[in-house]
Amino acid sequence: EIVMTQSPATLSVSPGERATLSCWASQSVDSDLGWYQQKPGQAPRLLIYGASTRATGIPARFSGSGSGTDFTLTINSLQPEDFGVYYCQQYEDWPLTFGGGTKVEIK
Amino acid sequence: EVQLLESGGGLVQPGGSLRLSCAASGFNFHNYAMNWVRQAPGKRLEWVSNIGNSGGPTFYADSVKGRFTITRDNVNNRLYLQMHSLRVEDTAIYYCAKDSRSIGGHDLDSWGQGTLVTVSS
């Protein structure tokens with residue numbers, strides 16, 4: 001099983017600042033990596049797929065990068081509505097696996 | 001607009017059974033693989049099962065293999081998860097999630113709001 005690890009566990013960012021979230025895979029997943037945002041009491045929402053492609057309707061302030069084992073989600077000019085937990089997910093191999101999440105708090 | 005609406009959750013005793021359902025609308029259901037993903041309270045997301053667009057192939061997490069069965073009805077646009085021999089550790093919100101492709105597991109581009117399954121005596 002491919003283990004996904006995310007860092008940091010919690011990130012406090014002021015509105016307008018940049019947030020940088022990291023995700024590592026225990027083995028290469030090429031670019032088969034997605035990022036999701038989950039707000040309290042809500043279902044996850046796909047932000048990024050293929051490591052760097054924004055999903056439909058996702059604002060340009062969200063960007064993804066990386067390949068292989070190291071990935072980054074960057075949120076430029078953080079907005080108050082961007083609070084929540086962010087998960088990475090690999091789909092290179094079965095079982096599909098998710099990271100433990102990074103909670104983004106608005107400072 | 002893609003809509004996924006889960007139902008069938010509830011309280012069940014250990015060893016019991018439950019059948020979850022997901023009603024899909026707003027897209028060509030028969031063209032896409034579908035998944036079940038669960039989330040225990042305060043825990044990370046855990047993928048449970050996947051089914052191809054035509055009803056196969058099917059894939060399962062080791063934690064549910066042999067106990068859960070995923071099926072779909074492409075006439076009525078419904079996805080199902082039959083759960084047997086339920087354990088306390090199966091307690092979670094179960095989400096129905098649309099895959100981005102017809103076969104295999106990929107990014108999950110639409111999710112339902114989830115249905116809560118509680119396994120307790």
Side-chain angles (χ1 to χ4, degrees), chain A residues 1-10 21 23-26 29-58 62 64 66 71 73 84-103, chain B residues 1-7 9 22 24 26-27 32-52 56-65 68 70 92-116:
Chain A
E1 169 174 322
I2 298 176
V3 177
M4 306 302 293
T5 303
Q6 292 186 242
S7 177
T10 304
L21 290 66
C23 171
W24 292 273
S26 61
V29 299
D30 292 329
S31 295
D32 294 335
L33 191 285
W35 287 96
Y36 300 81
Q37 176 195 62
Q38 186 178 32
K39 295 184 178 182
Q42 296 186 17
R45 176 176 68 147
L46 177 68
L47 301 174
I48 301 285
Y49 64 93
S52 61
T53 303
R54 278 189 303 278
T56 303
I58 301 303
F62 292 91
F71 301 88
L73 175 70
V85 181
Y86 291 79
Y87 294 96
C88 60
Q89 174 232 338
Q90 68 79 23
Y91 45 92
E92 164 66 16
D93 198 8
W94 302 105
L96 308 184
T97 48
F98 293 85
T102 291
K103 183 178 182 180
Chain B
E1 178 191 3
V2 173
Q3 291 197 354
L4 299 168
L5 184 61
E6 303 92 338
S7 60
C22 171
F27 66 104
Y32 294 93
M34 295 295 295
N35 298 267
W36 288 98
V37 178
R38 69 185 181 183
Q39 188 171 36
K43 301 295 185 181
R44 73 175 67 187
L45 298 164
E46 179 189 14
W47 170 80
V48 172
S49 184
N50 170 285
I51 185 168
T58 58
F59 300 90
Y60 298 92
D62 285 346
S63 57
V64 307
K65 199 171 294 182
F68 290 11
I70 188 171
I93 296 173
Y94 284 72
Y95 295 102
C96 164
K98 172 184 169 289
D99 204 284
S100 65
R101 303 187 196 180
S102 60
I103 295 287
H106 303 90
D107 48 294
L108 308 181
D109 58 15
S110 295
W111 298 61
Q113 285 303 302
T115 187
L116 177 62

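Chain letters run A, B, ... following the sequence lines, proteins first and then strands; every chain starts at 1.
Chosen from A/R45, A/Q90, A/Q89, the residue pairing most often with chain B at heavy-atom distances under 4.5 Å is A/Q89. The choice from B/V37, B/I93, B/L45 that makes the most heavy-atom pairs within less than 4.5 Å of chain A is B/L45.
By a heavy-atom distance cut of under 4.5 Å, B/Y95, B/G104, B/G105 are the residues of residues 95-105 of chain B near chain A, going up by number. Using a 4.5 Å cut-off between non-hydrogen atoms, the part of residues 1-10 of chain A that approaches chain B consists of A/M4.
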Intermediate values then yes/no, side-chain contact (heavy atoms from CB on, under 4.5 Å), A/L33 and A/Y49: CA-CA 6 Å; A/L33 191 285; A/Y49 64 93; over 6 Å; no

From CA spacing to verdict: side chain to side chain donor-acceptor pair (under 3.5 Å), A/Q42, B/Q113: CA-CA 6 Å; A/Q42 296 186 17; B/Q113 285 303 302; over 6 Å; no

Intermediate values then yes/no, side chain to side chain donor-acceptor pair (under 3.5 Å), B/E6 and B/Y94: CA-CA 8 Å; B/E6 303 92 338; B/Y94 284 72; over 6 Å; no

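In terms of heavy atoms, B/I70 sits closest to B/W36 at CD1-CD1, 3.6 Å. Taking each heavy atom of A/G64 and A/S52 in turn, the nearest pair found is O-CB, 3.2 Å.
By the 30° and 60° cut-offs, the orientation of the rings of B/F59 relative to A/W94 is parallel.
Listed by chain and number, the residues in a side chain to side chain donor-acceptor pair (under 3.5 Å) with B/K43 amount to none (sequence neighbours excluded). Residues passing the salt bridge (charged side-chain N to carboxylate O under 4.0 Å, His left out) test with A/E92, sequence neighbours excluded: none.
Residues B/S63 and B/E46 are in side-chain contact: their nearest non-hydrogen atoms beyond the backbone lie under 4.5 Å apart.
Put simply, the residue from A/I48, A/T53, A/L46, A/L47 that forms a side-chain contact (heavy atoms from CB on, under 4.5 Å) with B/D107 is A/L46.
Proximity to chain A (any heavy atom under 4.5 Å) is shown, for B/D62, by neither the backbone nor the side chain.
Formation of a donor-acceptor pair under 3.5 Å by the A/Y91 side chain with backbone atoms of A/G50 is found in this model.
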